[in-house]
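Written below as structure tokens is the structure these notes are about.
Proteins come first, then strands; the chains are lettered A, B, ... in the order of their sequence lines, and each starts at number 1. Remember, predicted model here, so these are calculated numbers, not experimental data.
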Amino acid sequence: MLKVQVAAQLEEIADLLEIQSENPFQPRAFRNAARALEGLAEDLEDVLAEGRLRGIPAIGDSIANEISELVTTGGSKRLRELRASVPPGILEMLRVPGLGPKKARALQKELRIESLEALKKACESGAVAQVKGFGEKTQQKILDGIEYLSSVAGRFRVDQALPRALALLDHLRQCPGVTRAELAGSLRRGKEIVKDIDLVAASADPVAVMDHFLRSPDVAGVVAKGETKTSVRLSNGLAADLRVVSRIEFPAALQYFTGSKEHNTQLRGIAKELGLKLNEYALFRGEVALPLRDEASIYEILGLGFIEPELREGLDEIRLGAEGRLPTLLERSDIVGMIHVHTDWSDGAATLEEMVEAARERGYRYIGITDHSQSASYAGGLTPERVRKQHAEIDRLNSKLAGFRIFKGIESDILADGSLDYEDDMLDLFDFVVASVHSSFKMPQEAMTARVIRALQDPRTTILGHPTGRLLLSRDAYAIDMGQVLKAAGELGVAVEINASPYRLDLDWRLGPRAMELGVKTSINPDAHSTDGMDDVIHGVKIARKAGFSREDVVNTLGIEAFAKWIARRKSG
DNA sequence: GCCGTTTTCGGCCCGACTGTTTTCAGTCG
């Protein structure tokens with residue numbers, strides 16, 4: 001079993017203990033252990049076989065036994081017992097913002113509420129406000145929270161959907177009659193949130209392909225099954241649609257099912273102007289289907305050049321294509337530096353050395369270490385003394401490395417007044433600063449905008465981190481005027497990060513054209529808290545492509561020396 | 001449950017914020 005799966009089960013135990021246990025530190029112990037596993041640089045099987053589990057910090061005798069049971073049997077007695085004793089509806093209730101384990105328990109005890117539905121009813125009837133420790137405002141807040149949850153229901157982050165989609169695709173391609181199979185829909189377009197998975201396959205025997213598709217291990221239920229289209233529900237509730245067409249129809253089908261609807265509408269308009277007709281089966285002149293080599297042929301015939309899937313949102317990509325002004329989009333291989341990385345000096349799971357090694361293994365040429373600053377005490381923010389110690393450690397490692405460099409950075413909190421989180425002489429010690437908001441989220445828009453702009457004005461600020469603070473499907477952005485922020489960033493020469501964590505993907509791609517217009521550069525940053533977290537860069541690259549960024553717009557495409565020069569230029573100027 | 005030790009218990013990240021209280025509990029980051 002993979003360590004991420006074991007970690008997920010430890011997390012589930014922690015969730016359940018949160019409700020059941022009297023000791024609040026018990027669930028935390030399981031969470032810490034889960035994070036330690038995720039941050040483990042080696043194979044879990046090896047560690048287990050050599051009996052070294054117990055030696056990992058955060059894993060004691062009890063959890064070591066738990067892990068060993070999970071790995072060998074696929075489950076554990078404790079997990080089964082906890083699942084049996086805590087109603088699943090209570091766990092769902094914990095997802096309501098503002099409702100934690102204590103309150104959920106109080107509601108279960110006082111009002112026998114054990115589901116989101118019952119909770120909603122009790123709020124609407126006013127019963128919740130009568131419970132000791134609750135009141136009108138809490139009741140309303142819970143109602144608002146339930147409303148928010150239902151507004152995001154049925155939507156999934158890209159990291160929840162993409163691995164499953166790729167597994168389905170892999171499964172499809174193993175079907176003997178399938179000549180081609182591709183991902184389509186919003187996942188292919190690189191959207192940060194999706195409602196379903198769309199797959200297109202070419203085969204002369206669609207019935208056999210549909211049967212094969214239904215045998216995928218992740219399929220939990222069949223919604224509809226036909227000869228051209230089959231819809232299923234996966235084990236995590238996500239819907240997946242498969243369309244099977246003939247080999248000849250495949251290019252048009254792939255184009256059509258990739259969308260977006262708006263893009264396709266405009267594309268059909270262009271076809272019509274040329275006396276052609278485009279649908280999901282072919283591109284026609286009169287009754288005759290034009291021969292299509294691949295999807296790109298369609299765009300070629302329509303005189304648009306190839307429009308990358310990420311750009312197909314029905315904005316101005318068709319006009320740009322017609323004018324021959326489509327950007328050359330950033331490629332993943334363009335990214336050569338790993339910027340915005342946490343280590344166990346603050347809240348990361350891996351050591352500095354492990355993170356450096358992981359970046360080198362992945363072929364990067366430099367890494368920018370950015371642990372949290374001193375105010376972020378919840379995340380183990382670095383005191384000035386620890387900053388100096390970390391710098392000594394970085395110097396030591398750098399002296400041993402050839403052809404690779406570690407840059408000394410910090411993710412500095414932007415304090416409520418817009419200042420950075422150390423005295424100036426401390427800030428001068430860093431090669432670069434990622435400045436981010438981590439507190440006082442509820443400021444009025446004007447104050448928040450002024451606060452962030454003030455942080456940008458500090459000549460030591462190099463990159464603005466996750467500029468809106470949003471957490472996809474769980475927390476809205478704080479109130480901030482991004483137009484003004486981007487303008488200031490452009491004028492001051494501060495890059496605005498695309499935080500590549502699939503939970504954030506912030507800067508939003510919709511702001512890309514505006515950013516480029518204002519001369520703002522970006523940096524594709526994983527905000528990695530473990531070695532595996534570095535691979536989130538792929539999500540950031542997709543978003544950068546959607547935004548329309550080219551290699552020249554992205555600072556961590558620069559080589560070591562050019563990057564060093566770029567981060568130093570504000571301070572010297 | 002983990003961990004360190006002036007070891008076998010008593011801490012555990014800690015401060016802001018909110019709403020419910022009337023001095024504090026719960027949640028969040």
Classify the nucleic acid contact of A:Pro27 as base, sugar-phosphate or nothing, counting any heavy atom under 4.0 Å across all strands shown. nothing
Would you mind classifying the nucleic acid contact of A:Arg105 as base, sugar-phosphate or nothing, using non-hydrogen atoms under 4.0 angstrom? nothing
Give the rounded distance in Å between these two atoms: NZ of A:Lys102 and C1' of B:dC24. 12 Å
So if I take every side-chain heavy atom of A:Ala29 and compare against B:dC2, B:dC13, B:dT27, which nucleotide ends up nearest? B:dC2
Only one of A:Asp431, A:Asp395, A:Asp428, A:Asp371 clears salt bridge (Lys or Arg N to Asp or Glu O under 4.0 Å) with A:Lys408; which? A:Asp395
Going by ring pair (Phe, Tyr, Trp, His ring centres under 6.0 Å), name the pairs with one or both residues in residues 42-67 of chain A, residues two or more places apart or in two chains. none
Donor-acceptor under 3.5 Å (A:Ser523 side chain, A:Glu497 main chain): no
Expressed in whole Å, how much space separates the P atoms belonging to B:dA16 and B:dG11? 23 Å
Separation between the C1' atoms of B:dG1 and B:dT8, rounded to whole Å: 15 Å
Using the C1' atom on both, measure B:dC12 against B:dT5 and round to a whole Å. 15 Å
Protein-nucleotide distance (A:Asp413, atom CG; B:dC14, atom P), rounded to Å: 16 Å
Rounded distance (Å) that lies between atom P of B:dT27 and atom CG of A:Leu471: 19 Å
Between B:dG10 and B:dG15, how far apart are the P atoms? Round to whole Å, please. 23 Å
Using the C1' atoms only, state how far B:dC13 lies from B:dG29, rounded to an integer number of Å. 11 Å
I'd like to know if A:Arg451 and A:Asp417 make a salt bridge, using a cut-off of under 4.0 Å between side-chain N and carboxylate O. no
Selection: residues 13-25 of chain A, any non-hydrogen atom under 4.0 Å of DNA chain B: A:Asn23, A:Phe25
The side chain of A:Arg28 lies closest to which of these nucleotides: B:dC12, B:dC2, B:dG26? B:dC12
Does A:Arg31 make a side-chain N or O approach to OP1 or OP2 of B:dG1 shorter than 4.0 Å? no
Polar pairs (N or O, both sides) under 3.5 Å between protein and nucleotides 18-20 of chain B?
from, atom 1, to, atom 2, distance (Å)
B:dG19, O3', A:Thr138, OG1, 3.1
B:dT20, OP1, A:Gly135, N, 2.9
B:dT20, OP1, A:Gly135, O, 3.2
B:dT20, OP1, A:Glu136, N, 3.4
B:dT20, OP1, A:Lys137, N, 3.4
B:dT20, OP1, A:Thr138, N, 3.1
B:dT20, OP1, A:Thr138, OG1, 3.1

Side-chain ion pair, A:Glu310 and A:Arg545, N-O less than 4.0 Å: yes
Between A:Asp424 and A:Arg460, does any NZ, NE, NH1 or NH2 come within less than 4.0 Å of an OD or OE carboxylate oxygen? yes
If you find the nucleotide of DNA chain B closest to A:Pro57 and the one closest to A:Pro97, which residue's nucleotide is nearer the 5' end? A:Pro57
Partner nucleotide of B:dC17 by Watson-Crick or wobble geometry (both distances under 3.5 Å): B:dG26
For atom CD of A:Glu411 and atom P of B:dG29, their distance in whole Å: 15 Å
Check the distance between B:dG29's C1' and A:His438's NE2 and give it to me in whole angstrom. 9 Å
Can you tell me how the ring of A:Phe407 sits relative to the ring of A:Phe432, calling it parallel under 30°, perpendicular over 60° and tilted otherwise? perpendicular
Expressed in whole Å, how much space separates the C1' atoms belonging to B:dT20 and B:dT27? 14 Å
Sugar-phosphate only, base, or nothing, as touched by A:Arg78 at under 4.0 Å among non-hydrogen atoms: sugar-phosphate
On the ring face of A:Tyr503, is A:Arg475 found with NZ or CZ under 6.0 Å from the centre and within 45° of the axis? no
Pairing of A:Glu124 and A:Lys121 as salt bridge, 4.0 angstrom limit: no
Indicate yes or no: does A:Glu18 engage A:Arg31 in a salt bridge with an N to O separation below 4.0 Å. yes
side-chain N/O A:Ser440 vs B:dA16 OP1/OP2, d < 4.0 Å: no
Grab the CZ-C1' distance between A:Arg35 and B:dC13 for me, whole Å please. 13 Å
Basic-acidic side-chain contact under 4.0 Å: A:Lys546, A:Glu192: no
A:Asn32 atom CG is separated from B:dC13 atom C1', nearest whole Å, by 11 Å
Rounded to whole angstroms, how far apart are CD1 on A:Ile59 and P on B:dG4? 14 Å
Work out how far the C1' atom of B:dT23 is from that of B:dT18, and round it to whole angstrom. 15 Å
